[in-house]
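Side chains included, hydrogens not; waters and symmetry mates left out as well; all remaining heavy atoms used. Since the model is a prediction, treat every value here as computed from it, not as a measurement.
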Amino acid sequence: MNSASAALLPVNAVLGWVLAVLLAVAVTVTAVARLSPEQGFGRARGVLAAGVRAAVQLAAVSAAIGWVVHHGTAVLGFLLLMYAVAVRTAGRRITSDSTWWWAALPIAAGVLSAVTLLLATGLLPPRGIALIPVTGILIGGALTATVLAGRQSVATLQQRHGEVEAGLALGLGERDARIEIARPAASDALVPGLDQTRTVGLVTLPGAFVGMLLGGADALTAGAVQLFVLVALMAVQAVAVTVTLELVARCRITAPSRGTAPPRPLCPRRRAVPGGS
């Protein structure tokens, strides 16, 4: 173990026990407080599964990453795998119907634009050791923004379908009527990224900053890299939210009705006017 990693967190049996205790606390509190939509234990099981899954995935990635970063084809394959998992996760978080795959568009739109710009300007070297972490951060940010914007837009349109119908009756187009109702809810997806950027250095020291310092960089360079990451994330998330909102408003992403209430159409259609042309 090198001195940088030892200064951050020693990887030993004590770490394993502490992680187990923290995960047990998270599961127990979630279960006792019944922090689930159905007020049962579903979310507690999800917390446990997420913790175990994260440990397995990080162990596998840690074992493979040293080889991947030195092979161009493997780097591209790894990035595509990250993207595919993000699309599947985001799509299924938004909807359970067959339109989930449209989540590929908002994630790709922001991330591809940002990475292309960074490569073209030379700020991001085309090497796996740089491409994988930066692209991974951006994909993660786009994933979060897409999920939040999609879920909130879909839920708002289902709950306020009468207002959409009213907009149609007033002469608005179908896309315009839906987007006017869904836009405020979708915009809330930007709040976590904005809060993270506003409080950086005051409330938290994000991973990129800490990692640069532990790697031997001076504080100014570490701060510049972290600023670059945060600004790039805001750009990626703004694009992802905009594209997701557009897809929901155009009924490319839909969702089946939930529960026992009568179905509420996510995409109500304009009724034909009797005697109209």
Connecting only ILVMFWY residues whose side-chain heavy atoms lie within less than 4.5 Å of each other, what is the rest of [X]'s hydrophobic cluster?
{"X": "I179", "result": "L245"}
{"X": "V14", "result": "V18, L22"}
{"X": "V32", "result": "none"}

Under 3.5 Å, side-chain donor or acceptor atoms of residues 77-84 against the rest of the protein: list the pairs with distances, not counting sequence neighbours.
| unit_1 | atom_1 | unit_2 | atom_2 | d |
| --- | --- | --- | --- | --- |
| Y83 | OH | A104 | O | 2.7 |

Does [X] belong to the same Ile/Leu/Val/Met/Phe/Trp/Tyr cluster as [Y], with side-chain heavy atoms less than 4.5 Å apart forming each link?
{"X": "V111", "Y": "L143", "result": "no"}
{"X": "F41", "Y": "L35", "result": "no"}
{"X": "V243", "Y": "I107", "result": "yes"}
{"X": "V147", "Y": "L138", "result": "no"}

Rounded distance [0.5 Å steps], [atom1] in [X] versus [atom2] in [Y]:
{"X": "L23", "Y": "T28", "atom1": "CG", "atom2": "OG1", "value": "9.0 Å"}
{"X": "I94", "Y": "I253", "atom1": "CD1", "atom2": "CD1", "value": "5.0 Å"}
{"X": "L170", "Y": "D176", "atom1": "CG", "atom2": "CG", "value": "12.5 Å"}
{"X": "Q226", "Y": "T197", "atom1": "CD", "atom2": "OG1", "value": "9.0 Å"}
{"X": "L168", "Y": "H161", "atom1": "CG", "atom2": "NE2", "value": "12.0 Å"}
{"X": "R43", "Y": "T30", "atom1": "CZ", "atom2": "OG1", "value": "8.5 Å"}

* Asked: Heavy-atom count around R88 CZ within 6.0 Å, excluding the residue itself: above 12?
  ->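 Atom CZ in R88 is crowded, with more than 12 foreign heavy atoms closer than 6.0 Å.
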Side-chain donor-acceptor pairs under 3.5 Å in residues 181-192, sequence neighbours left out?
| unit_1 | atom_1 | unit_2 | atom_2 | d |
| --- | --- | --- | --- | --- |
| R183 | NH1 | E180 | OE2 | 3.3 |
| S187 | OG | P184 | O | 2.6 |

What heavy-atom pair brings [X] and [Y] nearest, and what distance separates the two atoms?
{"X": "I139", "Y": "A86", "answer": "CG2-CB, 3.5 Å"}
{"X": "R250", "Y": "R252", "answer": "O-NH1, 2.9 Å"}
{"X": "L247", "Y": "P106", "answer": "CD1-CD, 3.7 Å"}
{"X": "A90", "Y": "T146", "answer": "CB-CG2, 4.2 Å"}
{"X": "V87", "Y": "A103", "answer": "O-CB, 3.9 Å"}

Show me the donor-acceptor pairs within less than 3.5 Å that the side chains of residues 228-240 make with the rest of the protein, sequence neighbours left out.
| unit_1 | atom_1 | unit_2 | atom_2 | d |
| --- | --- | --- | --- | --- |
| Q237 | NE2 | G141 | O | 3.2 |

* Could you go through the side-chain contact (heavy atoms from CB on, under 4.5 Å) check for L119 and L131 one step at a time? => CA-CA 9 Å; L119 289 172; L131 269 175; 4.1 Å; yes
* **side-chain contact (heavy atoms from CB on, under 4.5 Å) involving T116 - partner list, sequence neighbours excluded** =>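 Only L112 meet the side-chain contact (heavy atoms from CB on, under 4.5 Å) criterion with T116.
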* **Residue list, side-chain contact (heavy atoms from CB on, under 4.5 Å) with V29, at least two apart or on another chain** =>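 Residues passing side-chain contact (heavy atoms from CB on, under 4.5 Å) with V29: V25.
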* Sub-4.5 Å side-chain heavy-atom contact between T95 and V154 ->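 Contact flag for T95/V154 side chains = no.
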* To do: Taking salt bridge (charged side-chain N to carboxylate O under 4.0 Å, His left out) as the test, write out the residues that go with R92, two or more places apart.
  =>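 Result, salt bridge (charged side-chain N to carboxylate O under 4.0 Å, His left out) vs R92: none returned.
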* Asked: With sequence neighbours left out, what residues match D97 under salt bridge (charged side-chain N to carboxylate O under 4.0 Å, His left out)?
  ->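 Testing D97 for salt bridge (charged side-chain N to carboxylate O under 4.0 Å, His left out), a comparison that skips the adjacent residues, returns none.
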* R175: partners by side-chain hydrogen bond (donor to acceptor under 3.5 Å, both in side chains), with sequence neighbours left out ->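 Partners of R175 by the side-chain hydrogen bond (donor to acceptor under 3.5 Å, both in side chains) criterion, ordered by chain and then number, come out as E246.
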Show me the side-chain donor-acceptor pairs of residues 45-53 shorter than 3.5 Å, one per line, residues at least two apart or across chains.
| unit_1 | atom_1 | unit_2 | atom_2 | d |
| --- | --- | --- | --- | --- |
| R53 | NE | Q57 | OE1 | 2.5 |

* Check for a donor-acceptor pair, side chain of R151 on one end and backbone N or O of R93 on the other, with a separation under 3.5 Å. =>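 Here the side-chain-to-backbone pair exists.
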* Asked: Between the side chain of T121 and the main-chain N/O of L118, is any donor-acceptor distance below 3.5 Å?
  ->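 Present.
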* Asked: Could you go step by step and tell me if V134 and V115 meet the side-chain contact (heavy atoms from CB on, under 4.5 Å) rule?
  -> CA-CA 8 Å; V134 171; V115 172; 5.5 Å; no
